[in-house]
K.L.:
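Let me give you the structure first, and then I'll get to my questions.
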Amino acid sequence: VDTSIIRPQKHFDTILYTGDGSSSKTISGLEFKPDLVWMKGRTSMNHALVDSVRGRASVLFPNSTAVEQISSSSQDLVEFNDHGFVVGTPTRASSSNDNGTNIAAWCWKAGGAAVSNSDGSINSSVSANQEAGFSIVTWTGTNGNGTVGHGLGKAPKWIIIRRRDSDSSWVVYHDKVGNTKRLTLDSVGSESSGSANWFNNTSPTSTTFSVGADGGSNGSTDGYVAWCWSEIPGFSKFGSYKGNNNSGGTYIHLGFRPAWVMIKNREAGSTEWYILDSSRDPNNPTDNYLSASSTAQEQTYVFYDFLSEGFKLRNTGGAQNPDNQEVIYMAFAEQP
């Protein structure tokens, strides 16, 4: 039986801070010890994504196909702690602690130290928070069809996969896009159906997700990471809506007031992965946006009103409100 999370801030939250360029700056204010921290400077620079399973010195860049960077001397994230994290000297022009830069950090709680998982045909290491429907999964590719255990106990509706050992596009599964297509987080392109090998044309189950022989999801001997989210009433929702190109646009019911929303027009190329949150925009309209697929600085365009149980479109445009095209969204709660 699904149960709502009473206080979403115990599992997801946004922290805003200003970098100082030092080798050790403590960022606090969370009600949990984070396992995934996604940082983006609100000026023009790379995103930086660090998690507790790959380790604090291992950084991937959502806006880039660049290989995972691992550095013991210059670290975007020095330490995960009980109420936040410590940032240091960035590995490259990324967003953890650039001096004088205003930074947004989106933080999720998984399950702490990873454990071995043999639910799939490919053994994995999994850190899972079933209450919040979030897990971090790593495995070694086999260059063939297989299944990977995710530890959530219910089927994930949103999965981000990234090859770690070499340059590669990001592979994104979304329930509304289906198992025969993918989106790429680093790209503005529309959904692609050019390969049956990303998810082996098979939807996730309560225990596993499927991968094929494509290098983006299961190449030979490569290391992979996946971030998996299942839907939890009152905390998260992963769906889609049809735009109507009307400034008094559609209302999307979530069952909670959103704290964070990311959207992508699945049908059109040249549309970014737009990220909005209630920390950067505490008052309506929600109009300060960053893009997962871009290094661009924060910009302003009226997107939505964040309401008590969802959000409402407040402008036209091919990204958020295209005429009769489908936009996918990923949303986490501020308050159920």
Side-chain angles (χ1 to χ4, degrees), residues 1-16 29-38 49 51-53 80 82-85 104-112 126-137 150-160 172-176 204-207 209 226-241 251-264 273-282 284 286 292 303-312 327-336:
V1 176
D2 289 330
T3 57
S4 295
I5 289 176
I6 301 301
R7 185 162 176 78
Q9 290 81 3
K10 292 185 177 296
H11 303 273
F12 168 80
D13 210 349
T14 300
I15 293 182
L16 306 179
L30 296 176
E31 296 183 26
F32 58 91
K33 183 177 183 178
D35 291 292
L36 171 62
V37 178
W38 180 343
L49 201 158
D51 65 62
S52 62
V53 176
F80 297 97
D82 287 343
H83 299 286
F85 50 93
W106 306 299
C107 308
W108 287 264
K109 178 184 178 182
V126 177
S127 172
N129 176 356
Q130 290 190 351
E131 183 181 4
F134 173 57
S135 67
I136 304 168
V137 182
H150 53 67
L152 291 177
K154 61 185 299 187
K157 291 196 171 186
W158 178 34
I159 303 172
I160 301 174
V172 180
Y173 168 87
H174 190 284
D175 178 63
K176 296 300 183 181
T205 72
S206 61
T207 55
F209 60 89
W227 301 275
C228 307
W229 286 269
S230 58
E231 199 168 86
I232 304 297
F235 175 71
S236 60
K237 195 167 179 63
F238 314 110
S240 65
Y241 61 86
Y251 166 73
I252 293 86
H253 183 78
L254 302 173
F256 52 80
R257 178 180 173 84
W260 186 94
V261 174
M262 181 161 71
I263 62 165
K264 175 72 173 79
W273 294 82
Y274 291 113
I275 301 173
L276 305 110
D277 63 66
S278 61
S279 295
R280 288 179 297 130
D281 262 318
N284 286 320
T286 304
F303 274 77
Y304 307 119
D305 281 345
F306 280 2
L307 305 174
S308 61
E309 293 193 68
F311 60 92
K312 182 174 176 59
V327 177
I328 61 167
Y329 64 82
M330 293 67 72
F332 294 92
E334 175 184 288
Q335 183 65 44

K.L.:
Taking Asp305 for its side chain and Asn284 for its backbone only, find out whether a donor-acceptor pair lies under 3.5 Å.
P.N.:
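Looks like no, no N/O pair under 3.5 Å.
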K.L.:
Give, for atom CE of Met262 and atom CD1 of Ile328, the distance between the pair rounded to the nearest 0.5 Å.
P.N.:
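Separation between the atoms: 7.5 Å.
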K.L.:
Please report the shortest heavy-atom distance between Arg257 and Phe306, naming the atom on each side.
P.N.:
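Here Arg257 and Phe306 meet closest at NH1-O, 2.6 Å.
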K.L.:
Counting distance only, does the side-chain N/O of His83 pair as donor-acceptor with the main-chain N or O of Leu30 below 3.5 Å?
P.N.:
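Yes, the answer is positive, given that a donor and an acceptor are paired below the 3.5 Å cut-off.
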K.L.:
Does the plane of the ring in Phe332 sit parallel, tilted or perpendicular to the ring in Trp260? Use 30° and 60° as the thresholds.
P.N.:
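Correct class here is tilted.
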K.L.:
Between Ala331 and Val261, which heavy-atom pair has the shortest distance, and what is it?
P.N.:
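Distance-wise, the nearest heavy atoms are CB-CG2, 4.0 Å.
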K.L.:
Would you compute the distance between atom CZ of Phe85 and atom CD1 of Ile15 and round it to the nearest 0.5 angstrom?
P.N.:
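Result: 5.0 Å between the selected atoms.
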K.L.:
What are the two closest heavy atoms between Cys107 and Phe32, and how far apart are they?
P.N.:
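Looks like O-CZ, 3.5 Å.
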K.L.:
Decide yes or no for Glu334 and Gln9: does some side-chain heavy atom of the first lie under 4.5 Å from some side-chain heavy atom of the second?
P.N.:
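Glu334 vs Gln9: side chains touch.
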K.L.:
When rounded to the nearest 0.5 angstrom, what distance separates NZ in Lys237 from CE in Met330?
P.N.:
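Between atom NZ of Lys237 and atom CE of Met330 there are 14.0 Å.
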K.L.:
Could I get the full list of side-chain contact (heavy atoms from CB on, under 4.5 Å) partners for Asp175, not counting sequence neighbours?
P.N.:
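By the side-chain contact (heavy atoms from CB on, under 4.5 Å) rule, Asp175 matches Lys157, Tyr173.
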K.L.:
Answer yes or no: is there a side-chain heavy-atom contact under 4.5 Å between His11 and Phe235?
P.N.:
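Yes - at least one pair of side-chain heavy atoms lies under 4.5 Å apart.
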K.L.:
Looking at Asp51 and Leu36, what are the two nearest heavy atoms and their distance?
P.N.:
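Smallest heavy-atom distance, with atoms named: CB-CD1, 4.1 Å.
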K.L.:
Going by side-chain contact (heavy atoms from CB on, under 4.5 Å), name the residues that satisfy it together with Thr207, two or more places apart in sequence or in a different chain.
P.N.:
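Here the qualifying residues are Asp119, Thr205.
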K.L.:
Between Ser135 and Val126, what is the shortest heavy-atom contact and its length?
P.N.:
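What the structure gives for the nearest pair is CB-CG1, 4.2 Å.
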K.L.:
So do the side chains of Ile160 and Trp158 get within less than 4.5 Å of each other, counting heavy atoms only?
P.N.:
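Of all side-chain heavy-atom pairs linking Trp158 with Ile160, at least one is under 4.5 Å.
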K.L.:
Looking at every non-hydrogen atom in both residues, tell me the closest pair between Ser230 and Ala155 and how far apart they are.
P.N.:
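In terms of heavy atoms, the two residues are closest at CB-O, 3.5 Å.
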K.L.:
Are the side chain of Ser236 and the backbone of Glu231 linked by a donor-acceptor contact shorter than 3.5 Å?
P.N.:
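Judged by distance alone, no pair lies under 3.5 Å.
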K.L.:
Heavy-atom count around His253 NE2 within 6.0 Å, excluding the residue itself: above 12?
P.N.:
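Above 12, so yes.
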K.L.:
Does atom NZ of Lys176 have more than 12 heavy-atom neighbours from other groups under 6.0 Å away?
P.N.:
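No - once you tally the heavy atoms of other residues, nucleotides and ligands closer than 6.0 Å, there are 12 at most.
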K.L.:
Tell me if a side-chain donor or acceptor on Gln130 pairs with a main-chain N or O of Gly151 at a distance below 3.5 Å.
P.N.:
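Yes; judged by distance alone, with no hydrogens or angles, the pair exists.
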K.L.:
Name all residues meeting the side-chain contact (heavy atoms from CB on, under 4.5 Å) criterion together with Ala333; count only those two or more places apart in sequence or in a different chain, and write none if there are none.
P.N.:
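Ala333: side-chain contact (heavy atoms from CB on, under 4.5 Å) contacts with Pro8, Phe256.
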K.L.:
Measure centre to centre between the rings of Phe311 and Tyr329, then say whether the value is under 6.0 Å.
P.N.:
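Ring centres of Tyr329 and Phe311 closer than 6.0 Å.
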K.L.:
Are the side chains of Tyr274 and Val327 in contact, using a 4.5 Å heavy-atom criterion?
P.N.:
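Side chain of Val327 against side chain of Tyr274, heavy atoms only: no contact under 4.5 Å found.
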K.L.:
I'd like to check the salt bridge (charged side-chain N to carboxylate O under 4.0 Å, His left out) partners of Lys10; sequence neighbours left out, ordered by chain and number.
P.N.:
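With sequence neighbours excluded, Lys10 shows a salt bridge (charged side-chain N to carboxylate O under 4.0 Å, His left out) to Glu31, given in chain and number order.
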K.L.:
Under the 3.5 angstrom rule, does the side chain of Thr286 hit a backbone N or O of Asp281 as a donor-acceptor pair?
P.N.:
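Absent.
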K.L.:
Check side chain to side chain donor-acceptor pair (under 3.5 Å) between Glu309 and all other residues, then give those that pass, not counting sequence neighbours.
P.N.:
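In terms of side chain to side chain donor-acceptor pair (under 3.5 Å), with neighbours along the sequence ignored, Glu309 is linked to no residue.
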K.L.:
Would you say the ring centroid of Trp108 lies under 6.0 angstrom from that of Trp227?
P.N.:
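Trp108 vs Trp227: aromatic centres not under 6.0 Å.
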K.L.:
Under the side chain to side chain donor-acceptor pair (under 3.5 Å) rule, collect the residues that match up with Trp106, sequence neighbours excluded.
P.N.:
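For Trp106 the side chain to side chain donor-acceptor pair (under 3.5 Å) partners, ignoring immediate neighbours, are Asp277.
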K.L.:
Is there side-chain contact between Thr14 and Arg280, with heavy atoms separated by less than 4.5 Å?
P.N.:
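With C-beta onward as the side chain, the pair stays apart.
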